[in-house]
Amino acid sequence: MPPYTIVYFPTRGRCEAMRMLLADQGQSWKEEVVTKESWLQGPLKASCLYGQLPKFQDGDLTLYQSNAILRHLGRTFGLYGKDEREAALVDMVNDGVEDIRRHCSQLIYRSYEEGKAKYFQELPGHLKPFETLLIQNQEGQAFLVGDQISFADYNLLDLLLNHQVLAPGCLDSHPLLLAYVARLSARPKLKAYLASPEHVNRPVHGAQKI
Amino acid sequence: MRMLLADQGQSWKEEVVTKESWLQGPLKASCLYGQLPKFQDGDLTLYQSNAILRHLGRTFGLYGKDEREAALVDMVNDGVEDIRRHCSQLIYRSYEEGKAKYFQELPGHLKPFETLLIQNQEGQAFLVGDQISFADYNLLDLLLNHQVLAPGCLDSHPLLLAYVARLSARPKLKAYLASPEHVNRPVHGAQKI
């Protein structure tokens, strides 16, 4: 009986990074899928600390906030750098991923048609920091920080995979990131998860358009 | 982070960047995300204010007493960050148009923190556990800023008022909050309020 439960909408959204992390770490977990209707009508929302999902259970520990969940799993599975210095860098990187994630969510949920041209124009500038970090770390052959995968890597990988779904080819002028995506996606357990129907059939997000 | 450092008896150097030098100089291009703050701890350079808070949290034991509490501290800090972003959007983009709605919604945004406090020794302790965490300094700052921008906006939140008063009375923090460097530093850099 897995100790982990993810309570979320039937989308990738803010949970796919943690799903990829758990799968890659050989963990199983339970999904409690929340439909939009039951969310709007039911008591779950009022019971959530910030009135939002995801809600995550690790045994008797209940957590909210997707990045707090990623950090918790990072601590649990040793995915938080090799020492305190690397931990700080992992935090810095994850916060940068979060900034793009919010930017992208605003686009998808508020102003896709009007905003998408500008978004994709600005995308190279937003991706540059991650290319810089990769180049500085064994010329892009390793991870974002140090020699081992961190929760920030799963978070960035998810973001990049989503971008490829929403705008195929948008990473073509970013060979370092394409190689990074390919290399991480080839990790055996992660590869199996990414090929699984549960992942493939789960939409990136829940907005009406695209 | 300044309140955290002061309360932990630390000193630090401030390198003040004017708007002009920021827009015209090479510093922005040298910053990982093209943003400030930039923080130096010896030879470690960090960006992202919450990464800096977490680093200092680790350094000074302000991250809960164990991994379970650490996760809760993270969850709380992320909630503070959400309000901070919401507030920044108001200040920097749409203050006049947005402020009525913002202050109407504020009680709902503050409720989670009241809930956390009540559940932890009925509001007499900290957000998580028995010791102060970086999330406390972050929430304290947010609440103090709200009191500056809209005096009285916390009056219907006695638990938070008591929390602010209790933390602000910590000796080193109290001294810092009374210092000219803090008192004379504006909450933000937007033109209006």
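Protein chains get the first letters and strands the later ones, always in sequence-line order, with residue 1 at the start of each.
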Quiz prompt | chain A contacts, top residue of B/Arg85, B/Lys111, B/His55 (heavy-atom pairs, under 4.5 Å) | solution = B/Arg85
Quiz prompt | Heavy-atom side-chain contact between A/Val93 and B/Leu32 under 4.5 Å | solution = no
Exercise. Give a yes or no on whether the backbone of B/Gly79 and the side-chain of A/Tyr64 come within a donor-acceptor separation of less than 3.5 Å.
Key: no
Quiz item: Just wondering, are more than 12 heavy atoms of other shown residues or ligands nearer than 6.0 Å to CD in B/Glu122?
Solution: no
Quiz item: If you measure only the distance, is there a donor-acceptor pair under 3.5 Å linking the side chains of B/Asn50 and A/Glu98?
Solution: no
Practice problem: Check whether more than 12 heavy atoms from other residues, nucleotides or ligands sit under 6.0 Å from atom CG of B/Asp41, and answer yes or no. | Solution: yes
Exercise. Name the region of B/Phe39, side chain, backbone, both or neither, that has any atom closer than 4.5 Å to a heavy atom of chain A.
Key: neither
Self-check item: Min side-chain heavy-atom separation B/Met75-A/Tyr50 under 4.5 Å
Solution: yes
Quiz prompt | A/Gln106 CD to B/Gln89 CD distance, which is reported to the nearest 0.5 Å | solution = 5.5 Å
Quiz item: Where do A/Ala88 and B/Ala51 come nearest, in terms of heavy atoms and distance?
Solution: O-CB, 4.2 Å
Quiz item: Does a side chain donor of either A/Gln65 or B/Asn77 reach within less than 3.5 Å of an acceptor in the other side chain?
Solution: no
Quiz prompt | More than 12 heavy atoms of other groups within 6.0 Å of B/Glu15 CD | solution = no
Quiz item: Looking only at heavy atoms, what is the nearest atom pair of B/Arg68 and A/Asp60, with distance?
Solution: NH1-OD1, 3.0 Å
Self-check item: B/Arg58 side chain near A/Asp91 side chain, heavy-atom distance below 4.5 Å
Solution: yes
Quiz item: Which region of A/Ile69, side chain (C-beta onward) or backbone (N, CA, C, O), has a non-hydrogen atom less than 4.5 Å from a non-hydrogen atom of chain B, or is it both or neither?
Solution: neither
